[in-house]
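What follows is one structure encoded as structure tokens, with my remarks underneath.
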Number of protein chains: 2
Amino acid sequence: MAATPPRHLSPRKKPRQARATLTLEAIFEATIQVLLAEGLHRLTTTRVAERAGVSVGTMYQYFPHKQALLYALNERYLDTVAERVEKACIEHHGASTAEMVEALVNAYWEAKTERADITRALYRSVVELDNEALIEAFSQRVDAATSAMLVSASDAVGGDRRLCNTTLLAVIFGTVRNVFERNLPAAVQADIRCQLVRMCVSYLAAARLSDG
Amino acid sequence: MAATPPRHLSPRKKPRQARATLTLEAIFEATIQVLLAEGLHRLTTTRVAERAGVSVGTMYQYFPHKQALLYALNERYLDTVAERVEKACIEHHGASTAEMVEALVNAYWEAKTERADITRALYRSVVELDNEALIEAFSQRVDAATSAMLVSASDAVGGDRRLCNTTLLAVIFGTVRNVFERNLPAAVQADIRCQLVRMCVSYLAAARLSDG
DNA sequence: GCAATATATGAAGGATTCTTCGCTTTGAGG
DNA sequence: CCTCAAAGCGAAGAATCCTTCATATATTGC
């Protein structure tokens, strides 16, 4: 994802044996659980290790420090989200703009809400983490995928396509996060999601008319 | 704002003399500065006190603990933002939907970007702060203001007004935050802001046609 | 079975941080 | 000027936390 994870944040070594892979997995999972159950300020190397059923020393064999662990966790997460969005985009090449927007919103929304707990945990972990590069890489990856999809639309949009696309993503990403953090009732969430699709669709339609 | 700041987060006492007011102000300002210069994980009672030019003991005379300080800071901040949005809403009663949306986006955007540093600092401080109630109160306050404005529109929108309004706010709040955190170049920010207005306007127009 | 590696352990050092409390200084009212 | 309450001070106790390293165990390749 981020081609060059900043030196100081990159993992110490990769697992070479099977058990090491398991250990790593356990550590990641434990990190999420601690984050959820205790919050960021109680996310302690000791606590994570304990929950993962390993010793602290083991953790430090893979990560030079706590930050690196969180960084890796976010990297993994963003990677799966990006993959799902890319998949949805590819599957809708050549469709109508409306179908594309709906597919995009749904893919992103579902990737985020499917395991809402994790999403929330990671939104929290991100503070104080030098992950701007990570976010940027993610954004560009998704941007590329949606751009490619949109130009292939049967009713392709006119105007400034690049700006259109950037705006679309900023709005979708932002709205999802907002809805998330406010922890609105599921019904309201569903409603907003539906409205968000309509909003994006009408936006693109308007863009087509005025600039196209 | 939040009618009942949770007991454990409410300030210890209010200033009664002039110098105490100054001290409090200095503490708040110092908190922001430390947050900006050092980040959340280095936001220390000692550091804040030092920067404010007071002693740690003094801080604890007003706040029972660090969290309460951050809580109060956010409360103040959200209050000023809400005020500005309310003002803009009132000033545009009776206008056209398009004018309203533009005024709303501008008011919120400017309230956030005018001192972008503070906004960013507070976005960070919020983690690990039990401020859901605060956010909720803010949202409802703004919701009320914008609802009142929109129903007074010369070209009032039909359909589910409540949902429309909630969506609008989720989108605007979310987008602003997203743009913020990605720290995009000013030019791009301006472009997106403009597009956001267009998007909201076309959404409302579409809502008027289909459900009205 | 035997090196050579890869993994895992966890006590302990070193560094911070939060918060308190006994005491001092300042301001307000009479 | 005097007294009381408000405001301010900051060293020190108690609690964590991060990270290392010397040691121990497991795996692999041969």
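Atoms considered below: every heavy atom in the structure, side chains included; atoms not considered: hydrogens, waters and symmetry mates. Below, read A as the first sequence line, B as the second, and so on, with proteins coming before strands; counting in each chain starts at 1.
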For this session: Anything under 4.0 Å to a heavy atom of chain B counts; send over the first and last such nucleotide of DNA chain C, read 5' to 3'.
Result: dT17(C) to dG27(C)

For this session: Could you check how far CD of Q61(B) sits from C1' of dC9(D), rounded to whole Å?
Result: 9 Å

Exercise. How large an angle, rounded to 10°, do the end axes of the helix from dG1(C)-dC30(D) to dG30(C)-dC1(D) enclose when each is built from five base pairs?
Worked result: 30°

For this session: Could you verify whether a donor N or O on one side chain and an acceptor N or O on the other, from T119(B) and Y77(B), lie under 3.5 Å apart?
Result: yes

For this session: Look at all strands and tell whether F63(A) reaches a base, only sugar-phosphate, or nothing, counting heavy atoms closer than 4.0 Å.
Result: nothing

Problem set entry | F180(B) six-ring face occupied by K112(B) cation (under 6.0 Å, within 45°) | no

Problem set entry | Distance test, side-chain N/O of K14(B) to OP1/OP2 of dA6(D), below 4.0 Å | no

Problem set entry | Polar side-chain atom of N74(A) near backbone of L134(A) as donor-acceptor pair, under 3.5 Å | no

Seminar exercise, completed: Sorted by chain and number, sequence neighbours left out, side chain to side chain donor-acceptor pair (under 3.5 Å) with R42(A) holds for E38(A)

Seminar exercise, completed: Here the gap from L73(B) atom CG to I27(B) atom CD1, rounded to the nearest 0.5 Å, amounts to 11.5 Å

Problem set entry | Parallel, tilted or perpendicular: rings of F63(B) and F28(B) (30°, 60°) | perpendicular

For this session: Give the rounded distance in Å between these two atoms: CZ of R16(B) and P of dA7(D).
Result: 7 Å

For this session: State plainly whether the residues D79(A) and R84(A) are in salt-bridge range, i.e. N to O under 4.0 Å.
Result: no

Problem set entry | Working for salt bridge (charged side-chain N to carboxylate O under 4.0 Å, His left out), residues R193(B) and E110(B) | CA-CA 10 Å; R193(B) 170 176 170 177; E110(B) 270 153 25; 2.7 Å; yes

Problem set entry | Contacts of E181(B) that satisfy salt bridge (Lys or Arg N to Asp or Glu O under 4.0 Å) - sequence neighbours left out | R177(A), R177(B)

Seminar exercise, completed: Protein heavy-atom contacts under 4.0 Å, written 5' to 3' over nucleotides 14-30 of chain D as B (base), S (sugar-phosphate only) or - (none), form the string ---SSBB-----BS---

Seminar exercise, completed: Applying ring pair (Phe, Tyr, Trp, His ring centres under 6.0 Å) to Y108(B) and not counting sequence neighbours gives F173(B)

